[in-house]
Every structure is written in C-alpha cells, then in structure tokens.
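Just so it is clear, the values below take in all heavy atoms, side chains as well, and ignore hydrogens, waters and symmetry mates. Please read all numbers here as calculations on a predicted model, not as lab measurements.
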There are 2 protein chains.
Amino acid sequence: MAKSLENRFDAVEISEAERYLDAVPPSDIDPRVERLVNQLIGRVADKWTMLILELLEERGTMRFTQIGRAVDGISQKMLTQTLRQMERDGLLTRTVHPVVPPRVDYALTPLGNSLSAAFCGVWVWAERNLDMVEAARARFDARG
Amino acid sequence: MAKSLENRFDAVEISEAERYLDAVPPSDIDPRVERLVNQLIGRVADKWTMLILELLEERGTMRFTQIGRAVDGISQKMLTQTLRQMERDGLLTRTVHPVVPPRVDYALTPLGNSLSAAFCGVWVWAERNLDMVEAARARFDARG
DNA sequence: CTGAATCCAAGTTGATACTG
DNA sequence: CAGTATCAACTTGGATTCAG
C-alpha cells in the first residue's frame, strides 16, 4: 500500500491546541475486518459487476452473448473477466452445455441474490437523488 | 464509450433456434435513468469515497489532515480529489476558516448522510458474507 | 495546515485477431 | 457461440515539490 499521510506530521512538534484539534476518537471497527470489508466492497462495487448483478437478478439465467448485449458498452474482454471474478467469488454459477455451437449459462447463486438485495438500497438512493446531485454539481460548477 | 458487443452479431444470419435462444425480454428500466444511475454509482462506489463517507458519518465534522490520518493508505492527492468530488456532488460541505494556519472542516450534508445509510446494507452484507466469499474463492482456485 | 502542480510507474481497458 | 491472446492507449495513483 502507499505511504499514507499517517506519518507526515508525526515527527513535528505540535502545540497543545493543535493536539486538541487533531485528536480523533479511536475507531471502533476491528482493523482486520475493516481491511477485508474494504477489499470485498472494492471488488463487488466495480461498475460491471453491479450491472451484471442487477441484470441477472432481474432476468434470471442468461447466456454469455445475451449479457453482453444487455450491458451497454461492455467489451467482451471485460465481460469474460467480470463473469470469471463473480464466479470465483461465488456470486454466480457458470454452466457449460456440451453442444455445438457452445452454450454457457450464467445464473446468480443465493449469495449473488443476497448481494443484489443489499445493493438495492443504493440503487433506490441513486434514482431518488439524481436531481439533487445534478443540482449540486451545477451549483458547484457555477462558482469557480 | 466503447464499441459494445451490441452489434457484433446483428448483421449475421441466425437460425430461428438461435433467434429463440438469444431472445431477451425488453429491459423495464428507462435507459436514460439507467445511464445516470450507473454514472452515479460508479462515482460513489469508489473506494475512497465510501471510506470517507463512513468516516464522516461515524465521527462528524473533521479536518483535512484528520481525515487523511484516519483513512488508511490514502495519499494527499487522492484525499483532495475525493473531497472535491464529494463536495461537488453535494455529499459534504467544505468550510474554510480564515486563520493561520488554515483550518478547513468537512462535514456530511443530509444528502451525504442518506447515501451513507443506503450503503449500510452493503457493509453489513460484506461483513456477514466474508467467509462465504473466501470459501468460494478457495474452491474456485483449487480447481484449474 | 491545506492544498496545487508536476512527473512518472503501474495498472486497466479496448480494439483486434484467432480458436474450438 | 464463447471464449483466449496480444498489444497499444488511456487512466490512475503515488511521490515529490512548491505555495499561501
């Protein structure tokens, strides 16, 4: 990981006032858990993962090319890559049918379904607050 | 955006069987909304944004350097950048106190608080399913 | 203390071509 | 159809330096 800001001022002399201002209550989260959670969220919160998650939740089992067509803008490379990751994480199953032409079905696992449900709140928030964010951006950009 | 898979097979002749296999029900999401939602989620789902969001939710108003120390591994550049983005999106307020040395306070807006709440479900899911995901990865890696 | 600006290494992604 | 392989372009993020 990067050299954090942690040590940038550790060695410098600071006044009592500064010490007070910078004092922070200790985090009440287990650092080990926090690290793992961050890693996990970083993975699942990726753009394509979320879109595929929602897609499969909505439509059920789908084939490779179907997903590719449904997810706007995704390249076949990222599609393959994202599906592999999701399979590895246990979010979906990959079923190869031994026929020609090949047919591969993808479907969410219960774990995938539960993650989709957990993300639901974020989707709802986004839909509900789109205008708020747009307005905030406009105001911000209107200033310098 | 990239040339999607959308058109890769649009021009080729396909059998009725293929046509059936690839048929997908029309999406019931307004494409315009979907695009904006994706953009929004892509922004807020970013690693540092989420961590800062949780931090400010938990601790309230904080100064620039305090946040830098609390968010493990973040560089000063990313801290500045992320805070600016969040301010632009209306998630937090930035208050400059005209003193020397400078003092700048950051605090979540109601919009920021609501987003934090929306993300809560994801955090809970991540904590609860850490072991499931780890196990799934182990199984996946154990095969080829 | 709180930034802005620059440089650059490393990682990500997309386009393209090829395979069974 | 469902991938794999490769390479160039683009993006990202960290380190560093400087300023008010």
Side-chain angles (χ1 to χ4, degrees), chain A residues 1-15 17-24 42-43 46-49 51 61-85 87 94-106 144, chain B residues 1-15 17-24 42-43 46-49 51 62-69 71-87 92 94-106 144:
Chain A
M1 196 64 68
K3 182 158 82 169
S4 82
L5 292 178
E6 198 89 34
N7 303 321
R8 284 198 63 195
F9 302 107
D10 276 5
V12 308
E13 217 64 33
I14 54 177
S15 68
E18 291 293 331
R19 196 181 303 277
Y20 172 75
L21 286 172
D22 284 343
V24 290
R43 188 175 300 266
D46 139 82
K47 181 183 176 185
W48 302 127
T49 301
L51 293 178
T61 300
M62 292 182 77
R63 299 178 59 174
F64 182 83
T65 309
Q66 283 182 325
I67 302 175
R69 271 202 284 268
V71 178
D72 187 55
I74 195 170
S75 68
Q76 119 274 27
K77 177 183 176 179
M78 290 315 298
L79 180 55
T80 300
Q81 200 173 105
T82 305
L83 288 172
R84 283 289 180 284
Q85 261 187 3
E87 185 193 1
R94 176 172 176 271
T95 309
V96 181
H97 300 278
V99 297
V100 291
R103 174 191 177 131
V104 182
D105 284 336
Y106 293 91
Chain B
M1 197 65 67
K3 182 158 82 172
S4 84
L5 292 177
E6 198 88 36
N7 304 322
R8 283 198 64 196
F9 300 107
D10 276 4
V12 309
E13 218 62 34
I14 55 176
S15 68
E18 291 292 333
R19 197 181 302 276
Y20 172 75
L21 286 172
D22 282 344
V24 290
R43 186 175 302 267
D46 139 82
K47 182 183 176 186
W48 302 128
T49 302
L51 293 178
M62 292 182 76
R63 299 178 59 175
F64 182 83
T65 308
Q66 283 182 324
I67 301 174
R69 271 201 284 266
V71 178
D72 187 55
I74 195 170
S75 67
Q76 174 252 31
K77 178 183 176 178
M78 288 286 78
L79 180 56
T80 300
Q81 200 173 103
T82 305
L83 288 172
R84 282 290 180 285
Q85 262 188 359
M86 294 177 72
E87 185 194 1
L92 54 74
R94 175 171 176 273
T95 310
V96 182
H97 300 279
V99 298
V100 290
R103 173 190 177 134
V104 182
D105 285 336
Y106 294 91

- [ ] Rounded to the nearest angstrom, tell me the gap between atom CE in A/Met62 and atom P in D/dC1.
- [x] 13 Å
Task: Worked check of side-chain contact (heavy atoms from CB on, under 4.5 Å) between B/Arg84 and B/Glu87 - done: CA-CA 5 Å; B/Arg84 282 290 180 285; B/Glu87 185 194 1; 4.1 Å; yes
Task: Nucleotide D/dG3, atom P - distance to CD of A/Glu87 in whole Å - done: 9 Å
Open item on the list: Assuming nearest nucleotide by heavy-atom distance, tell me which of A/Met78 and A/Pro102 is located more 5' along DNA chain C.
Closed with: A/Met78
TODO: Could you tell me whether the phosphate oxygens of D/dG13, OP1 or OP2, come under 4.0 Å of any side-chain nitrogen or oxygen in B/Ser75?
DONE: no
Open item on the list: Using whole Å, what does the distance between atom C1' of nucleotide D/dC1 and atom CG of A/Asp105 come to?
Closed with: 12 Å
Open item on the list: If you only use heavy atoms from C-beta on, which nucleotide in C/dA4, C/dT2, D/dG3 is closest to the side chain of A/Val104?
Closed with: D/dG3
Task: Given B/Thr82, B/Leu51, B/Leu83, the one that forms side chain to side chain contact (heavy atoms under 4.5 Å, CB included) with B/Ile67 - done: B/Leu83
Open item on the list: Measure CD1/B/Ile74 against C1'/C/dT2 and give the value in whole Å, please.
Closed with: 14 Å
Open item on the list: Looking only at the side chain of B/Tyr106 (C-beta and beyond, no hydrogens), which of the listed nucleotides C/dT13, C/dG3, D/dA15 gets closest?
Closed with: C/dG3
- [ ] Send over the distance from A/Gln76 CD to D/dT4 P, rounded to a whole Å.
- [x] 10 Å
Open item on the list: On the nucleotide C/dT2, are OP1 or OP2 found under 4.0 Å from the side-chain N or O atoms that B/Arg69 carries?
Closed with: no
Open item on the list: Between B/Arg63 and B/Asp105, does the side-chain contact (heavy atoms from CB on, under 4.5 Å) criterion hold? Intermediate values first, please.
Closed with: CA-CA 5 Å; B/Arg63 299 178 59 175; B/Asp105 285 336; 3.3 Å; yes
Task: N or O in side chain of A/Arg94 less than 4.0 angstrom from D/dA2 OP1/OP2 - done: no
TODO: Figure out the CH2/P separation between B/Trp48 and D/dT12, and round it to whole Å.
DONE: 15 Å
- [ ] Of all the heavy-atom pairs spanning B/Arg94 and B/Tyr106, show the shortest one and how long it is.
- [x] NE-OH, 3.3 Å
- [ ] Whole angstrom is fine here: how far is it from CG in B/Leu83 over to P in C/dT2?
- [x] 11 Å
TODO: Quick one: do A/Leu79 and A/Phe64 satisfy side-chain contact (heavy atoms from CB on, under 4.5 Å)? Show the steps, please.
DONE: CA-CA 8 Å; A/Leu79 180 55; A/Phe64 182 83; 3.8 Å; yes
Open item on the list: Any side-chain N or O of A/Arg63 below 4.0 angstrom from OP1/OP2 of D/dA2?
Closed with: yes
- [ ] Send over the distance from B/Leu79 CG to D/dG14 P, rounded to a whole Å.
- [x] 11 Å
- [ ] With the side chain of A/Lys77 defined as its heavy atoms from C-beta on, choose the nearest nucleotide among C/dG14, D/dA2, D/dG3.
- [x] C/dG14
